[in-house]
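Just so it is clear: chains get the letters A, B, ... in the order the sequence lines come, proteins before strands, and each one is counted from 1. Worth saying up front: this structure is predicted, and the values here are computed from it rather than measured.
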Number of protein chains: 2
Amino acid sequence: MADDVAATERSRGGMSEQRRRRVRLEISREAARLFWAQGVDGTSGDQIAEAVGLSTRTIWRHFRSKESCAEPIVAQSVEWELTSLRSWPLHRSLEEHFATEAKRFVNEISPLEQADAGLGVKMMRLAETEPALRTAWLMACDQVEHELAGVIATRLGRKPDDLEVRLHAAATGASLRVINEYVGAGLLDGADPRELGDENFAFIADAVRTATGGAVGDPVHVDGAPAEPDEAAADRQGI
Amino acid sequence: MADDVAATERSRGGMSEQRRRRVRLEISREAARLFWAQGVDGTSGDQIAEAVGLSTRTIWRHFRSKESCAEPIVAQSVEWELTSLRSWPLHRSLEEHFATEAKRFVNEISPLEQADAGLGVKMMRLAETEPALRTAWLMACDQVEHELAGVIATRLGRKPDDLEVRLHAAATGASLRVINEYVGAGLLDGADPRELGDENFAFIADAVRTATGGAVGDPVHVDGAPAEPDEAAADRQGI
DNA sequence: GCACATTGCGTCACTTAATGCCAAAATGGC
DNA sequence: GCCATTTTGGCATTAAGTGACGCAATGTGC
């Protein structure tokens, strides 16, 4: 019943894992659209189900609650930060890395993902007045913080559950959240969507440095390899 | 948080604002007890009602949802931080102020409040595994952050919605949250409850200084009044 | 003291979010 | 094609949460 097998890739898990995410994201898209259009309380599970073309029962199979339908869209809106953070090489500064990542991100993004990002910002805004949605937003930030703990632990050569690492991760995550909220609010109020210059990344990086007492943000000196980072170090960060 | 069934003004029918809070706290106490004993999902609204000796309908008159029944107890567990922060004189350092506040707090606390504090810690722990409760905890932290924005704005001579102030408040709040979680976990795992020495306040203050790049934590120099760093003046507040 | 308005509470009926159960459809390996 | 597993839909059901009405308690004016 449970699992098996070693030989092949997984028949059940492998495909489903990916497919499941797609379904959840599709549901989340419609739910977010409806939430924004008519509010959370004004949107019923049946409406979401009808909009996405599934039965109501199936909606509750994919999401534990109505509000959690917004989670994938919100999570995806911070996904680029997460992947950027995960691939942050030890020897680079935060502004350098974010700048190149943002460039790559802008080139690779599809119209659909762009629309999703817009929905994510709208959910962020909606979260300010709808306590039900605030959970989704705070949960996403929570995940960022957790991921940050791993990244910071690597850069400082400590454990992720080290108290100091947790403090740095929490402060960094909180700063990123405030900046996200600030930028998102600006975008919704009609700010120029193409205003993300290099000075913004410098601002973000400085905010992180301030929040961590300078412990996070700068390149990390690796023992014995001052000039050029060796393969091992690069591999650990997965460039 | 304060938005359940907004009790607008009160003058006519006598007791409300104050009595209402008491009723809510009483309900919250029983709810927290049950949540801790049998989990959130394992506790029904009827059980809470029976435990507190009210009808189920009345429970829903005081709380909009089952999980929100835990909010008052959680909020009260950070209340001392809130009041301490609010009364933080410009000319005192954070460790000084927290030390004296903690002393006053320990002397004034009643057995009931002590039990409530214990329940609050338990809800904090429960929030790690019960997403429904995590909202209550994160909401309480949210309020702390908001309050912090006001305090920090005063100390830096800026506006509470200033971006830098918001960043400092967020980073400080996140640090306090981590420390709360850390201390709370330690207490629940059987740590000595009377272990809160002065070095702990120094640790907290240093964490805040680190999270704000040194901008918050030290005495603030007021124009024309030379600030004495140590035990000089203890009973003055100025804005 | 008595009528009075106001408010809180309880009871019942009701809507809706959410789960369990079972059968039909879809999916993937052979 | 066949079979095993998973996914889905429909239906019944539980539990969360609301609305409506009546009653009891309390405060106010007389």
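- His62(A) has a side-chain polar atom (N or O) that falls below the 4.0 Å cut-off from OP1 or OP2 of dT8(D).
- Per the geometry, CZ belonging to Phe63(B) stands 16 Å off C1' belonging to dC9(C), to the nearest Å.
- Note: CZ (Arg64(A)) to P (dT16(C)) measures 23 Å, nearest angstrom.
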Apply salt bridge (Lys or Arg N to Asp or Glu O under 4.0 Å) to Arg125(A) and Asp189(A), showing your working.
CA-CA 11 Å; Arg125(A) 163 64 68 92; Asp189(A) 288 346; 3.3 Å; yes
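- Along DNA chain C, the nucleotide closest to Leu54(B) and the one closest to Asp46(A) are compared, and the more 5′ of them pairs with Leu54(B).
- Residues Trp88(A) and Val216(A) have side chains in contact (heavy-atom distance under 4.5 Å, counting atoms from C-beta outward).
- In this entry the distance linking CH2 of Trp60(A) with C1' of dA12(D) reads 17 Å, nearest Å.
- Straight-line distance from the CG atom of Asp41(A) to the P atom of dT15(C): 18 Å, rounded to whole Å.
- Residue Arg19(A) contributes atom CZ, which lies 10 Å from atom C1' of dT6(D) at whole-angstrom precision.
- Protein atom CZ of Arg57(B) is 8 Å distant from nucleotide atom C1' of dG17(D), rounded to whole Å.
- An OP1 or OP2 oxygen of dG10(D) is reached within less than 4.0 angstrom by no side-chain nitrogen or oxygen of Ser55(A).
- Arg61(A) contributes a side-chain N or O that forms a donor-acceptor pair with the base of dG9(D) under 3.5 Å.
- Atom CD1 in Ile48(A) sits roughly 13 Å away from atom C1' in dA18(C) (whole-Å rounding).
- Atom-to-atom, CD1 of Ile59(B) to C1' of dG8(C) comes out at 13 Å; the value is rounded to the nearest Å.
- Under the 3.5 Å distance criterion, with hydrogens and angles disregarded, no donor-acceptor pair is assigned to the side chains of Thr172(A) and Ser175(A).
- In this structure the side chain of Trp80(A) never reaches within 4.5 angstrom of the side chain of Glu113(A), judged on heavy atoms.
- Minimum atom distance to the side chain of Lys66(A) is reached by dA17(C), of the listed dA17(C), dC11(D), dT8(D).
- As judged by a 4.0 angstrom heavy-atom cut-off over every strand, Thr56(B) is placed among residues making no nucleic acid contact.
- In this structure, the nucleotide among dA16(D), dG17(D), dA20(D) sitting nearest to the side chain of Ser65(B) is dG17(D).
- Under 3.5 Å, the side chains of Glu128(A) and Trp137(A) contain no donor-acceptor pair of N or O atoms.
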